[in-house]
Amino acid sequence: MFQQAPERDVNVRTVTPRASQMPAGRRHRAAGGLFDPKQLVTSFPEALRKLHPRLMLRNPVMFVVEVGSALTTLSAVVSPSVFTWLISVWLWLTVVFANLAEAVAEGRGKAQAESLRKARTGTVARRLLRWRVGLEHCAEERVPAEALRQYDFVVVEAGETIPGDGDVVEGIAAVDESAITGESAPVIRESGGDRSAVTGGTRVLSDRIVVRITSKPGLTFIDRMIALVEGAERKKTPNEIALNLLLATLTVVFILCIVNLQPLAIYAGAEQSLTVLVALLVALIPTTIGALLSAIGIAGMDRLVQRNVLAMSGRAVEAAGDVDVLLLDKTGTITFGNRQATRFVPLPGVDGAQLAEAAQLSSLADETPEGRSIVVLAKRHGLRERAEGELGRMEFVPFSAQTRMSGVDLSWPDGSPTVRVRKGASAAVSAWVYELGGQVPPQAHQAVEIISSGGGTPLLVAVHDRHGARVLGVIQLKDVVKDGIRERFLQLRRMGIRTVMVTGDNPLTARAIADEAGVDDFLAEATPEDKMALIKKEQEGGKLVAMTGDGTNDAPALAQADVGVAMNTGTMAAKEAGNMVDLDSNPTKLIEIVEIGKQLLITRGALTTFSIANDVAKYFAIIPAMFAGVYPGLHHLNIMGLHSPTSAITSAIIFNALIIVALIPLALRGVRYRPSSASDLLARNLRVFGLGGLVLPFVGIKLIDLVVQFIPDL
Ligand SMILES: Nc1ncnc2c1ncn2[C@@H]1O[C@H](COP(=O)(O)OP(=O)(O)OP(=O)(O)O)[C@@H](O)[C@H]1O
Ligand SMILES: [K+]
Ligand SMILES: [Mg+2]
């Protein structure tokens, strides 16, 4: 393992930046963002299949239209007339068009699901029989990927496909993840740190890794991605359910109105046919938004997929539209997350070689990138590796986000006193030294301060032996802030979103990185619980909180946040905890996620406004037509000058159906979003969609009437 380290060093430097600077929204994504009219034709069979009443029941408004279509068809069969047949056909078309909107929205994910399926099939896994850390040779067996279980260990070498999702537990490799991300630049996956997660179906390009499988059979990342892009797992969001309820209530109110209208009409001597009553009902109920609501939601998810973000719930997408605060973890999110040891700083009176040796010893079993880079640096100081046993019995203390330190205890069979070596965050190691009765000299604090204020991470190295506990020196870890991040945070600020960096690192380092990255605020020395508590506190103040992170220590916070975006490079724990995964691992992707969320909310609002305004205009076509015979005065309401009562009603119903098809592209593409205040947006939408919705039917119905008047008997 150690022999591989230097060349890994090279790999990491050349590959990581490229992988993390990938531009968003490019590539092979099937339908792209554009609406292709051909989709209307290819989705038609699916739209017909959706006519099944069981499926229609999920959409109360359109279900009422379907029942109405059946009733008018029946009456057309019993007492045929041109008018009754025309209305029946156009009512059926109304339902089909609504289904078409949903089918087109769903169809856009299908091609993508196909290419994902290809990545999934036919992999053979090399399962290890009894694997443990450091074991050189281990017997293996070949099993189909589908046979893998959680906690199986598999080995994958250059040229082979990774058979299942999991975390790398040994080794480092360049991995081609284009099967899921569409991006051809390889990425580095390694054991120990926050870049350990690998996805089944991706390909190892170099080296050899051992992977612990984390997914249950049939529940792999790719399986979930397929279900997601196909829309199979889509559940209605609370907002959608509320809007649906409102639309259903409106529908019931209109049904009651129309049921009560008939006795009045009979009293006035103008009894109406069933066909006219159904037509009036369909014209009045909010069919436009009823038809497009589900397509708007699916399209929102699809727009995210096109930008390489997988949203596990529609609710998260909506929440993104209203986010107030964004929390980001530092290492691996704002920085490349590739903290490398660059320097040993011995305290006065300590030999450089002694510090290097202690640093090396404390890192021998440290599988984090930090730990391995320390071993590499120590080697450059001329330290050779040592065989196990040479130094007595070694008991390693692994790093944890809680203790913030790691190290080793050395004991000898002859009973000489145990030697303990620790390295870690300055506060943590200082506390350890004081507890054992030692002192931390001011020079140590100075060295820590110098490294921290430069944005580096200092690790204090201390030993405890028969001379007591003392500090030997400091290791400097360097990490690099990702490019272009400052401008993007500025953009978030303009959208009214406050950015807060949360990190386990010390306040000085945190401040330096926060300044460099341009975040609004930061929280340092944060444990996983602190990160979660901060989110809870913001949420209690009524704020919607988004969090981006990659580490296992971010998982609780990602789960607590309203929008939890896990970096694809991160650990499986982080990816499972969040409700979105960014395949590009770009922390500023949230800008696009917020835009898409806002666009979704605006589109839904705009089309609801349009739909209701639209229906008002239809009174003017249908009511005069119904009562023209008995109340000639109503003729004044026929401001459109329509040809005849039946042509007026037919035109209104045809318009009502066609407007759905006309608005499908807008529902899929979304209303354009420009950053501006909520009240400006509302005013603009009322102007465009309220007024537009009111005026358009007058023009449309008149134009249709000019055509249908030539149909004999109408
Ligand atoms: N392998 C290690 N051994 C000892 N100490 C470490 C090791 N890795 C990190 N540390 C120390 O522990 C601190 C906390 O690390 P942790 O991973 O919890 O947070 P972080 O990665 O620095 O921050 P972020 O939450 O932004 O990713 C680090 O700042 C560092 O001082
Ligand atoms: K309507
Ligand atoms: Mg981290």
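All residue numbers refer to positions in the sequence shown, counting from 1. Both ligands and their constituent atoms are indexed starting at 1 by order of listing.
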Sub-4.0 Å heavy-atom approach of Thr335 to ligand 1: no

Proximal atoms of ligand 1 relative to Thr457 (non-hydrogen, under 4.0 Å): 29 (O), 30 (C), 31 (O)

Atoms of ligand 1, numbered as shown, that sit under 4.0 Å from any heavy atom of Asn553: 16 (P), 17 (O), 18 (O), 19 (O), 25 (O)

Under 3.5 Å: N/O of Asp329 near N/O of ligand 1: yes

Main-chain N/O of Asp705 paired with Ser647 side-chain donor or acceptor, under 3.5 Å: no

Residue-ligand contact Met501/ligand 1, heavy atom below 4.0 Å: no

N/O donor-acceptor pair under 3.5 Å between Arg343 side chain and Val474 backbone: no

Polar proximity ligand 1 side, Gly371 side, N/O cut 3.5 Å exclusive: no

Flag, side chain of Asn59 to backbone of Gly290, donor-acceptor distance under 3.5 Å: yes

Selected option - heavy-atom contact closest to atom 22 (O) of ligand 1, from Glu370, Arg339, Lys330, Lys531: Arg339

Between Asp479 and Thr331: side-chain donor-acceptor atoms closer than 3.5 Å: no

Residue Thr287, metal the K ion (ligand 2), N/O/S under 3.4 Å: yes

Close N or O approach (Asp554, ligand 1; < 3.5 Å): no

Per-atom contacts of ligand 1 with Thr368, taking only distances under 4.0 Å to non-hydrogen atoms: 1 (N)

Side-chain donor-acceptor pair present, Thr342, Gln476, cut-off under 3.5 Å: yes

No-hydrogen, no-angle side-chain donor-acceptor test under 3.5 Å, Thr333 and Thr548: no

Non-hydrogen atom of Glu525 closer than 4.0 Å to ligand 1: no

Donor + acceptor pair across side chains of Glu529, Thr527 (<3.5 Å): yes

Sub-4.0 Å atoms of ligand 1 with respect to non-hydrogen atoms of Gly424: 4 (C), 5 (N)

Exam field: side chain Asn614 to backbone Ser611, donor-acceptor pair closer than 3.5 Å: no

Atom name in Asp615, limited to N/O/S, at shortest distance from the K ion (ligand 2): OD1

Opening angle between O in Val282 and O in Ala283, taken at the K ion (ligand 2), to 10 degrees: 70°

Expected output: side-chain Thr609 to main-chain Gly605 donor-acceptor under 3.5 Å: yes

Under 3.5 Å donor-acceptor, Asp615 side chain and Ile612 backbone: no

Where the K ion (ligand 2) is the vertex, angle from Ile285 O to Asn656 OD1 to 10°: 160°

Nitrogen or oxygen atoms of Asp194 and ligand 1 under 3.5 Å apart: no

Ser406 N/O to ligand 1 N/O under 3.5 Å: yes

